[in-house]
Amino acid sequence: MASLGQELKRAREERGVTLHDIANSTHIGVRFLQAIESDNYDILPGGVFNRAFVRKFAKQVAYDEEQALKLYEEQLEVQGIEPNRTYQLGVEDFENKGSSGNGLLFSVLALVVLAALAYAAYEYFRPAITEPEAGETKTSQLSTAVMPTPQMTPTPEPAPTATPEASPTPDLPAGALRVLVIASSECWLQVKPDAAPAQQALLNAGDTREFVVNDRILFPTLGNLPGLRITINGRNVNFSKLLPTQKSVVAKNVVITKENYQQFLD
């Protein structure tokens, strides 16, 4: 049976599409696309990124995306690699978006039933609460006619007292770095702020991530840098200082600390 890479390459060549065409459409580097066609996943970012790359590749060459993911999973098993299904930083399990339809339908139906029950309970109890007895109405009216209206004696308002202004809370701890990541198109990143566990995320246009670090922040992978903007304490990072070559779109193992962050800024 043909491997995933062989199947995708055959589909690509049948459609007359080049790897550069796919790279321009998906913002996935040609090197990564070549690795997929060669069934060599060692140089790929790993985890959720690999599955996203496989799906996008298959879509560009009109190959069944679910079949492509199935072949990918089978090859991982053959190679003795367990698929990484742990997503952090709110990364969606985008392969299973379609399976949430039934759950959503059940949730909507449950909300409709609860709303109907609440309305029925309201209608049942409302007459006993809101409709006064005739005798009560007359008594209330009589009381209103007989009882004199008490005279209200104005009370002097207390003189305003000066309150000291609260000192502003500093936005950033002393010596810390605020690192803001803003996506203008789809991109991916792996990040390890200070001693926290490494995290990974796929970002869509308009997504942002903010990190406040006291010592350093490590980016094992920054993918599709043309679609990213990174600021440190409000100042833009110059990506030409991160990339090995001007044509690269992926930066690896970028370490930013309190001591060296100035060298990455514009």
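Here the structure is a predicted model, which means the values were calculated and not measured.
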At what distance, to the nearest 0.5 angstrom, does [atom1] of [X] lie from [atom2] of [Y]?
{"X": "Gln67", "Y": "Lys70", "atom1": "CD", "atom2": "NZ", "result": "5.5 Å"}
{"X": "Arg31", "Y": "Ile36", "atom1": "CZ", "atom2": "CD1", "result": "12.0 Å"}
{"X": "Ser185", "Y": "His27", "atom1": "OG", "atom2": "NE2", "result": "4.5 Å"}
{"X": "Gln262", "Y": "Asn233", "atom1": "CD", "atom2": "CG", "result": "9.0 Å"}
{"X": "Lys9", "Y": "Leu33", "atom1": "NZ", "atom2": "CG", "result": "13.0 Å"}
{"X": "Leu69", "Y": "Tyr72", "atom1": "CG", "atom2": "OH", "result": "9.0 Å"}

Within the 4.5 Å heavy-atom criterion, are [X] and [Y] side-chain neighbours or not?
{"X": "Gln6", "Y": "Glu37", "value": "no"}
{"X": "Ile232", "Y": "Val237", "value": "yes"}
{"X": "Val212", "Y": "Leu177", "value": "no"}
{"X": "Asn224", "Y": "Ile28", "value": "no"}
{"X": "Arg178", "Y": "Glu210", "value": "yes"}
{"X": "Thr231", "Y": "Val179", "value": "no"}
{"X": "Leu203", "Y": "Arg209", "value": "yes"}

What residues, two or more places apart in sequence or in another chain, satisfy side-chain contact (heavy atoms from CB on, under 4.5 Å) together with [X]?
{"X": "Asp39", "answer": "Ser3, Leu4, Tyr41, Gln75"}
{"X": "Val249", "answer": "Pro226"}
{"X": "Glu259", "answer": "Thr257"}
{"X": "Thr18", "answer": "His20, Asp21"}

Applying side-chain hydrogen bond (donor to acceptor under 3.5 Å, both in side chains), can you list everything that pairs with [X], at least two apart in sequence or on another chain?
{"X": "Gln60", "answer": "none"}
{"X": "Arg216", "answer": "none"}
{"X": "Gln263", "answer": "none"}
{"X": "Glu74", "answer": "none"}

Locate the shortest heavy-atom distance separating [X] from [Y]; write the atom from each residue and the value.
{"X": "Ser184", "Y": "Ala205", "answer": "O-CB, 3.4 Å"}
{"X": "Cys187", "Y": "Gly227", "answer": "SG-O, 3.9 Å"}
{"X": "Ala201", "Y": "Phe49", "answer": "O-CE2, 3.2 Å"}
{"X": "Glu7", "Y": "Ala2", "answer": "OE2-CB, 3.2 Å"}

(Q) For Ile217 and Val191: C-alpha separation, side-chain torsions, deciding distance, then whether side chain to side chain contact (heavy atoms under 4.5 Å, CB included) applies. (A) CA-CA 7 Å; Ile217 185 168; Val191 59; 3.6 Å; yes
Q) So which of Leu202, Val181, Ile230 actually passes side chain to side chain contact (heavy atoms under 4.5 Å, CB included) with Leu189? A)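 Testing Leu189 for a side chain to side chain contact (heavy atoms under 4.5 Å, CB included) against Leu202, Val181, Ile230 leaves exactly one candidate, Val181.
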Is [X] reaching over with its side chain to a backbone N or O of [Y], donor-acceptor style, under 3.5 angstrom?
{"X": "Asp194", "Y": "Asn214", "value": "yes"}
{"X": "Asn260", "Y": "Val255", "value": "yes"}
{"X": "Arg12", "Y": "Val17", "value": "yes"}
{"X": "Asn238", "Y": "Leu265", "value": "no"}

Q.
Just to verify, what does Phe239 make a ring-ring contact (aromatic ring centres under 6.0 Å, His included) with, not counting sequence neighbours?
A. none
Q: With sequence neighbours excluded, tell me which residues meet ring-ring contact (aromatic ring centres under 6.0 Å, His included) with Phe57.
A: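 Result, ring-ring contact (aromatic ring centres under 6.0 Å, His included) vs Phe57: none returned.
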Q. Yes or no on side chain to side chain contact (heavy atoms under 4.5 Å, CB included) for Arg235 and Tyr261, after CA distance, side-chain angles and deciding distance?
A. CA-CA 10 Å; Arg235 297 178 60 187; Tyr261 79 93; 5.8 Å; no
Q: Mind telling me whether Trp188 and Phe32 have parallel, tilted or perpendicular rings, with 30° and 60° as the class edges?
A: tilted
**Q.** Stepwise side chain to side chain contact (heavy atoms under 4.5 Å, CB included) check, Leu71 with Tyr63
**A.** CA-CA 12 Å; Leu71 290 176; Tyr63 188 85; 3.5 Å; yes
Q) Yes or no on salt bridge (Lys or Arg N to Asp or Glu O under 4.0 Å) for Glu65 and Lys59, after CA distance, side-chain angles and deciding distance? A) CA-CA 6 Å; Glu65 297 175 34; Lys59 183 178 181 179; 5.3 Å; no
Q: Please identify each residue that fulfils salt bridge (charged side-chain N to carboxylate O under 4.0 Å, His left out) with Glu13, with sequence neighbours left out.
A: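 Once residues adjacent in sequence are excluded, Glu13 has no partner under the salt bridge (charged side-chain N to carboxylate O under 4.0 Å, His left out) criterion.
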Q.
One pair to check against side chain to side chain contact (heavy atoms under 4.5 Å, CB included): Leu225 and Val250. What are the steps and the verdict?
A. CA-CA 6 Å; Leu225 282 182; Val250 178; over 6 Å; no
Q) Would you say Ile182 and Phe219 are hydrophobically clustered, going by side-chain heavy atoms of ILVMFWY under 4.5 Å? A)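 As far as the 4.5 Å side-chain criterion goes, Phe219 and Ile182 are not connected within one cluster.
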Q.
Are Leu180 and Ile256 linked, directly or through intermediate hydrophobic residues, by side-chain heavy-atom contacts shorter than 4.5 Å (ILVMFWY only)?
A.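 No, Ile256 does not connect to Leu180 through the hydrophobic network.
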(Q) By the salt bridge (charged side-chain N to carboxylate O under 4.0 Å, His left out) test, which pairs, at least two apart or in different chains, include something from residues 180-189? (A) Lys56-Glu186
Q. Should we say atom NZ of Lys258 is surrounded by more than 12 heavy atoms from elsewhere, each under 6.0 Å from it?
A.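 More than 12 heavy atoms, drawn from other residues, nucleotides or ligands, come within 6.0 Å of this atom.
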**Q.** Criterion salt bridge (Lys or Arg N to Asp or Glu O under 4.0 Å) on Arg10 and Glu14, from CA distance to verdict
**A.** CA-CA 6 Å; Arg10 176 188 58 77; Glu14 287 178 355; 3.0 Å; yes
